[in-house]
Participant: 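Take a look at the following structure, please.
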Number of protein chains: 2
Amino acid sequence: MERVFQALASTPRRKILAYLAHAELSAGDIAARFDMSKPAVSQHLSVLENAGLITSEKRGQFVFYRLLPDALANVLNGYVQEVCPVSRPLKAESRALADKREDQ
Amino acid sequence: MERVFQALASTPRRKILAYLAHAELSAGDIAARFDMSKPAVSQHLSVLENAGLITSEKRGQFVFYRLLPDALANVLNGYVQEVCPVSRPLKAESRALADKREDQ
DNA sequence: AAAGAATATAAGTAATTACTTAAATAAATT
DNA sequence: AATTTATTTAAGTAATTACTTATATTCTTT
């Protein structure tokens, strides 16, 4: 959890996650969307990967990154439910909804 | 949002939020639970307050802090729904649940 | 009014983080 | 086999963050 929150505490990294929400992208595709060097983006990617939020796969010359959406949802939902009393009663019900959806 | 995620990227600050989930506490009560100086805890408290996650009220000699649970829930839920495709279909329904609950 | 208690602010330092450019590695192309 | 392309690793630096102790402020008690 520590690593997830640390990973999320950066605007460029949250932006990377938003890009990956819609599509798998190569390291270069991602770097092209930022006004910073490729090594800097590469470091952000490894922070996100070490936090378990994304995963990478090398195909030929490219390294493709994609989101691991469950990791993000689990940590954030889990945390908000632990800390916000109001959200606790919703926990069981929202999990039921999610489980139902996964079956489909 | 920037400030919220930055505030959450610290174990002592997440611990403070957890303490405040159960009760309102004075700055001293909180500081007593940590192995660090009172000014250090005071700074963590102001980071949390600037992020809009907690609020403070001076009563006599003491300053009491309490959680603003909606701020946390809104930012984290909002973010997870934006980034995690799977969670999107749940958005409307979970909001409906939350609204219903607020009416009570 | 003086002393004590609770808290915050100020100032300084150590540790961490976010970049940079340069060099290394690995795959594709000529 | 040499060159180009995609990416990462390495090394260094600037900026930020997380503490510390000392001082200031505000309230309470004597």
Side-chain angles (χ1 to χ4, degrees), chain A residues 1-20 22-68 72 75 79, chain B residues 1-20 23-68 72 75 79 83:
Chain A
M1 192 174 71
E2 174 69 16
R3 284 184 184 187
V4 170
F5 279 112
Q6 225 156 287
L8 292 174
S10 147
T11 303
R13 287 195 292 265
R14 288 193 307 276
K15 211 166 150 187
I16 289 172
L17 293 179
Y19 285 133
L20 294 178
H22 304 105
E24 178 182 75
L25 292 171
S26 73
D29 290 336
I30 297 166
R33 287 165 166 83
F34 287 89
D35 188 22
M36 85 180 66
S37 71
K38 285 174 186 188
V41 173
S42 181
Q43 285 168 196
H44 283 306
L45 288 168
S46 66
V47 170
L48 290 167
E49 190 164 26
N50 288 331
L53 294 175
I54 64 175
T55 188
S56 64
E57 188 187 348
K58 182 156 192 174
R59 291 207 296 273
Q61 189 173 24
F62 299 87
V63 178
F64 289 93
Y65 284 89
R66 65 173 191 277
L67 195 67
L68 293 173
L72 186 58
V75 171
Y79 184 70
Chain B
M1 192 174 72
E2 174 69 16
R3 284 183 184 187
V4 170
F5 279 112
Q6 225 156 288
L8 292 174
S10 147
T11 303
R13 286 196 292 265
R14 289 194 307 276
K15 212 167 150 187
I16 290 172
L17 293 179
Y19 284 133
L20 294 177
E24 178 183 76
L25 292 171
S26 73
D29 291 337
I30 297 166
R33 288 166 164 83
F34 287 89
D35 188 22
M36 83 180 66
S37 71
K38 286 173 185 187
V41 173
S42 180
Q43 287 168 193
H44 284 307
L45 287 168
S46 65
V47 170
L48 290 168
E49 190 164 25
N50 288 330
L53 294 174
I54 64 176
T55 187
S56 63
E57 188 186 349
K58 182 158 191 172
R59 291 207 296 274
Q61 190 173 26
F62 299 88
V63 177
F64 290 93
Y65 285 89
R66 65 172 191 278
L67 195 67
L68 293 173
L72 186 59
V75 170
Y79 184 70
V83 169

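Reminder, nothing fancy here: chain letters follow the sequence lines and each chain counts from 1. Just so it is clear, the values below take in all heavy atoms, side chains as well, and ignore hydrogens, waters and symmetry mates.
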Participant: Give the rounded distance in Å between these two atoms: CG of A/Leu8 and P of C/dA18.
Facilitator: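 The answer, rounded to whole Å, is 12 Å.
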
Participant: Kindly point out which of C/dT9, D/dA10, C/dT7 is positioned nearest to the side chain of B/Pro39?
Facilitator: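 Out of C/dT9, D/dA10, C/dT7, the nucleotide with an atom closest to B/Pro39's side chain is C/dT9.
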
Participant: Choosing from D/dT7, D/dT8, D/dA22, which nucleotide comes nearest the side chain of A/Phe62?
Facilitator: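 In terms of side-chain proximity for A/Phe62, the closest of D/dT7, D/dT8, D/dA22 is D/dT7.
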
Participant: Which heavy-atom pair separates A/Phe64 from A/Ser26 by the least distance, and what is that distance?
Facilitator: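 Reported closest heavy-atom pair: CD2-N, 3.7 Å.
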
Participant: Grab the CZ-P distance between A/Arg59 and D/dT7 for me, whole Å please.
Facilitator: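 That distance rounds to 12 Å.
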
Participant: Between A/Ala51 and A/Val4, which heavy-atom pair has the shortest distance, and what is it?
Facilitator: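 It is O-CG2, 3.5 Å.
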
Participant: From the options D/dT28, D/dT7, C/dT7, select the nucleotide whose nearest atom is closest to the side chain of B/Gln61.
Facilitator: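 Nucleotide nearest to B/Gln61's side chain: D/dT28.
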
Participant: Taking the minimum atom-to-atom distance to the side chain of B/Ala40, which one of D/dT8, D/dT20, C/dT20 wins?
Facilitator: D/dT20

Participant: Could you state the atom-to-atom distance from CZ of B/Arg14 to P of D/dA18 in whole Å?
Facilitator: 12 Å

Participant: Identify whether any heavy atom of A/Tyr65 sits under 4.0 Å from a base atom; if not, whether one sits that close to sugar-phosphate; answer base, sugar-phosphate or nothing.
Facilitator: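 Sugar-phosphate contact only - A/Tyr65 comes under 4.0 Å of backbone atoms but never of a base.
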
Participant: Is A/Ala27 touching bases, backbone alone, or none of the nucleic acid, heavy atoms closer than 4.0 Å?
Facilitator: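 Here A/Ala27 touches the backbone only, sparing every base.
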
Participant: From C/dT7, C/dT21, C/dC19, pick the nucleotide closest to the side chain of B/Ser26?
Facilitator: C/dT7

Participant: What is the separation between atom CD on A/Gln43 and atom C1' on C/dA22, rounded to the nearest whole Å?
Facilitator: 13 Å

Participant: To the nearest Å, give me how far apart CD1 (B/Ile54) and P (C/dT7) are.
Facilitator: 13 Å

Participant: Which part of the nucleic acid, if any, lies within reach of A/Ser46 when heavy atoms closer than 4.0 Å are counted: base, sugar-phosphate only, or nothing?
Facilitator: nothing

Participant: Are there more than 12 heavy atoms of other residues, nucleotides or ligands under 6.0 Å from atom CZ of A/Arg3?
Facilitator: no

Participant: Looking for any heavy atom pair under 4.0 Å, which part of the strands does B/Arg13 touch: base, sugar-phosphate only, or nothing?
Facilitator: sugar-phosphate

Participant: Would one find a side-chain N or O of B/Ser37 under 4.0 angstrom from OP1 or OP2 of D/dT20?
Facilitator: yes

Participant: In whole Å, what is the span from the CG atom of B/Leu48 to the P atom of D/dA18?
Facilitator: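 Spelled out: CG on B/Leu48 to P on D/dA18 is 11 Å.
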
Participant: Measure the distance from NZ on A/Lys58 to C1' on D/dT5 and round it to the nearest whole Å.
Facilitator: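 Atom-to-atom, A/Lys58 to D/dT5, this comes out as 11 Å.
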
Participant: Compare every heavy atom of B/Val83 with every heavy atom of A/Leu67, then report the nearest pair and how far apart it is.
Facilitator: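 Scanning both residues completely, I find the closest heavy atoms to be CD2-O, 3.4 Å.
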
Participant: Nearest of D/dA11, C/dA8, C/dA11 to any side-chain atom of B/Val63?
Facilitator: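 Selected nucleotide: C/dA8.
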
Participant: Write down the distance between NZ (B/Lys38) and P (D/dT26), rounded to a whole number of angstrom.
Facilitator: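 For the pair B/Lys38 NZ and D/dT26 P, the rounded distance is 19 Å.
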
Participant: Grab the two heavy atoms, one from A/Ala7 and one from A/Leu48, that are nearest each other, plus how far apart they are.
Facilitator: CB-CD2, 4.1 Å

Participant: State which residue, out of B/Ile16, B/Leu25, B/Leu20, fulfils the side chain to side chain contact (heavy atoms under 4.5 Å, CB included) condition with B/Tyr65.
Facilitator: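 For B/Tyr65, the side chain to side chain contact (heavy atoms under 4.5 Å, CB included) check succeeds only for B/Leu20.
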
Participant: Look at the side chain of B/His44 and decide which nucleotide, out of C/dA28, D/dT26, D/dA18, has an atom nearest to it.
Facilitator: D/dA18

Participant: Output the single nucleotide from D/dT9, C/dA18, C/dT7 whose closest atom is nearest the side chain of A/Ser42.
Facilitator: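 Of D/dT9, C/dA18, C/dT7, D/dT9 is nearest to the side chain of A/Ser42.
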
Participant: Does B/Gln6 have a side-chain nitrogen or oxygen under 4.0 Å from the phosphate oxygens OP1 or OP2 of D/dT17?
Facilitator: yes

